[in-house]
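Since the model is a prediction, treat every value here as computed from it, not as a measurement.
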Amino acid sequence: MNFIARNLSKALQQRLSRLTPLRHQATFATAPPSFPCVDAHAVRESKILASSFNRHSQTTPSSDSGPEPPYARPSPQSYNTYHHPHPLELTYGSTLPSFDIAYETWGTLSPSRDNVILLHTGLSASSHAASTELNPAEGWWDKFIGPGRALDTNQFFVICTNVLGGCYGSTGPSSLSPDGQRYATRFPILSLFDMVQAQFKLLDHLGVQKLYASVGSSMGGMQSLAAGWLFPDRVGKIVSISGTARSSPGSIAMRHAQRSVLMADPNWNNGFYYDQLPPHTGMKLARQIATITYRSGPEWDQRFGRKLRKLKDGQSPPHSRSPTLCPDFLIETYLDHQGEQFCLKYDANSLLYVSKAMDLFDLTLPALQELRMAPVTQSLPSDHPASMQPALSKSHPPPLHYPPHFPELVAGLRPLTSIPMLVLGVQSDILFPVEQQRELVDAVRTAGNTQVSYFELGGVWGHDTFLLDVLNVGGAVRGFLS
């Protein structure tokens, strides 16, 4: 894209230089147009080359990124690493010969090791959910972890990992393969079940037989369900916030658009960009798309409205100022800033692999049977068939018509029928709409689980409510876990 922009500008200048003197009679400007928003990609590329950018170096989070928590790459000295030396068989037929899992902990492990909460992350988060002595920087769920907070460290021992496939200490596409080269896109396709299997290998290593709770938001809310489904005897409670039991076509489409712009960046080079220029332009555009799905239109109205960006001298532009093709509105500059902050902090291949794992998640029985999935359990639910009559709920209105896959979802969720569950949805969420949390609640109740609590939250923060609404999200989680 940078190459095309520079050559287009050069061609335009050459064309202008050949025009006859009559051009001076024209009423429009003859100077070549300027596109600073496009030039920014070339500037960024120059900085990468000048600094010999190392994708495994520590970065300092920006304090100018709005209310979103920083997704900075932690230092290898600030987290623990579990190395699993044995092969891990994956859902789609491949095998990882070995793997590492990066993790951090908060609180004190009880002598009986029965107070453990496994906290699952969203797509791009590291294990640094809250500050620690080794890493005092604020974590992505800092206000929810600590004494007296939602995950009360006076009671619980909290573990958070970087997921398998990530780039913050756990094995992923940027890791070295047995042949000494980066995996890149030779890395096998993952499922959320694979990520959970790796986490439970860590729990085995730590001597934790059963979790007090499996807790997660967004992709983490899907993982919390997967943990309970795979290991129903080892999960005491489930908290799923803004998650789903079955990725919807709408969510898949949004993530596909992100992957498409990323893979269209020539620097992606089919995934083999390590020790070269990373696909920073594609990553920036992908993050802009993602940011749109994380928030809501009403928030944009309240926060930005139709306000124009300030001029370089700090003054607001006059009403007579001519529009440009680069960002004029504050909302445009916000998206531009979010993409700029993120594009060098996360590995592009990890974004592809982890987001694809989200798309593949489906707890309907036919999908599970196709993968030959079965819970790792000693006490399966009884064989009597679950009722296919949807359970009536007082917590939310039923849909006009249940989707055709609803009975299949009910059947697929049967391993979760004996685990107490808290489900939270957000009315302004466009990435995981509340209809998906309602469907999950109705299905697991219909499957026979009588211990399901569901709350639907208002507000304008959209999907990112789980990061920002400490009062309501934190209060519901703390009450359920107490």
Verify the distance criterion only: is there a donor paired with an acceptor across the side chains of [X] and [Y] at less than 3.5 Å?
{"X": "Asp347", "Y": "Tyr353", "result": "no"}
{"X": "Ser248", "Y": "Gln436", "result": "yes"}
{"X": "Glu439", "Y": "His405", "result": "yes"}
{"X": "His120", "Y": "Gln199", "result": "yes"}
{"X": "Arg259", "Y": "Ser355", "result": "yes"}
{"X": "Thr291", "Y": "Gln338", "result": "no"}

Using a 3.5 Å distance criterion without hydrogens, assess whether the side chain of [X] forms a donor-acceptor pair with backbone atoms of [Y].
{"X": "Ser175", "Y": "Gly172", "result": "yes"}
{"X": "Asp265", "Y": "Thr281", "result": "yes"}
{"X": "Trp461", "Y": "Leu468", "result": "no"}
{"X": "Asp469", "Y": "Thr465", "result": "no"}
{"X": "Asp429", "Y": "Phe432", "result": "yes"}
{"X": "Ser191", "Y": "Phe193", "result": "yes"}
{"X": "Thr95", "Y": "Pro97", "result": "no"}
{"X": "Ser251", "Y": "Ser247", "result": "no"}
{"X": "Asp142", "Y": "Gly139", "result": "yes"}
{"X": "Thr105", "Y": "Ile159", "result": "no"}

### Message
For Glu456 and Arg438: C-alpha separation, side-chain torsions, deciding distance, then whether salt bridge (charged side-chain N to carboxylate O under 4.0 Å, His left out) applies.
### Response
CA-CA 9 Å; Glu456 213 163 272; Arg438 294 175 181 178; 2.7 Å; yes
### Message
One thing to verify: whether Lys284 and Glu340 come together as a salt bridge, which I'm taking to mean a side-chain N less than 4.0 angstrom from a carboxylate O.
### Response
yes
### Query
Any ion pair linking Asp179 and Arg186 (charged N to carboxylate O, less than 4.0 Å)?
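A salt bridge is present here (some side-chain N lies under 4.0 Å from a carboxylate O).
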### Query
Cation-pi between Arg287 and Phe342: NZ/CZ under 6.0 Å from ring centre and within 45° of the ring axis?
yes
Once you measure the plane-to-plane angle for [X] and [Y], does it fall in the parallel (<30°), tilted (30-60°) or perpendicular (>60°) bin?
{"X": "Phe304", "Y": "Tyr334", "answer": "tilted"}
{"X": "Phe466", "Y": "His463", "answer": "perpendicular"}
{"X": "His41", "Y": "His280", "answer": "tilted"}

### Task
Could you tell me if the ring centre of Tyr79 sits under 6.0 Å from that of Tyr103?
no
### Task
Would you please test Tyr168 and Tyr346 for ring-ring contact (aromatic ring centres under 6.0 Å, His included) and show each step?
CA-CA 8 Å; Tyr168 292 150; Tyr346 194 72; 5.7 Å; yes
### Query
Hey, mind stepping through Thr171 and Asp100 against side chain to side chain donor-acceptor pair (under 3.5 Å) and telling me if it holds?
CA-CA 5 Å; Thr171 297; Asp100 291 339; 4.6 Å; no
### Task
Run the numbers on Thr333 and His337 for side chain to side chain donor-acceptor pair (under 3.5 Å), then give the verdict.
CA-CA 6 Å; Thr333 63; His337 178 76; over 6 Å; no
### Message
Let's go through Trp268 and Asn349 carefully: what are the C-alpha distance in whole Å and the side-chain angles of both, what is the deciding distance for side chain to side chain donor-acceptor pair (under 3.5 Å) to 0.1 Å, and is it a yes or a no?
### Response
CA-CA 9 Å; Trp268 181 62; Asn349 283 334; 3.0 Å; yes
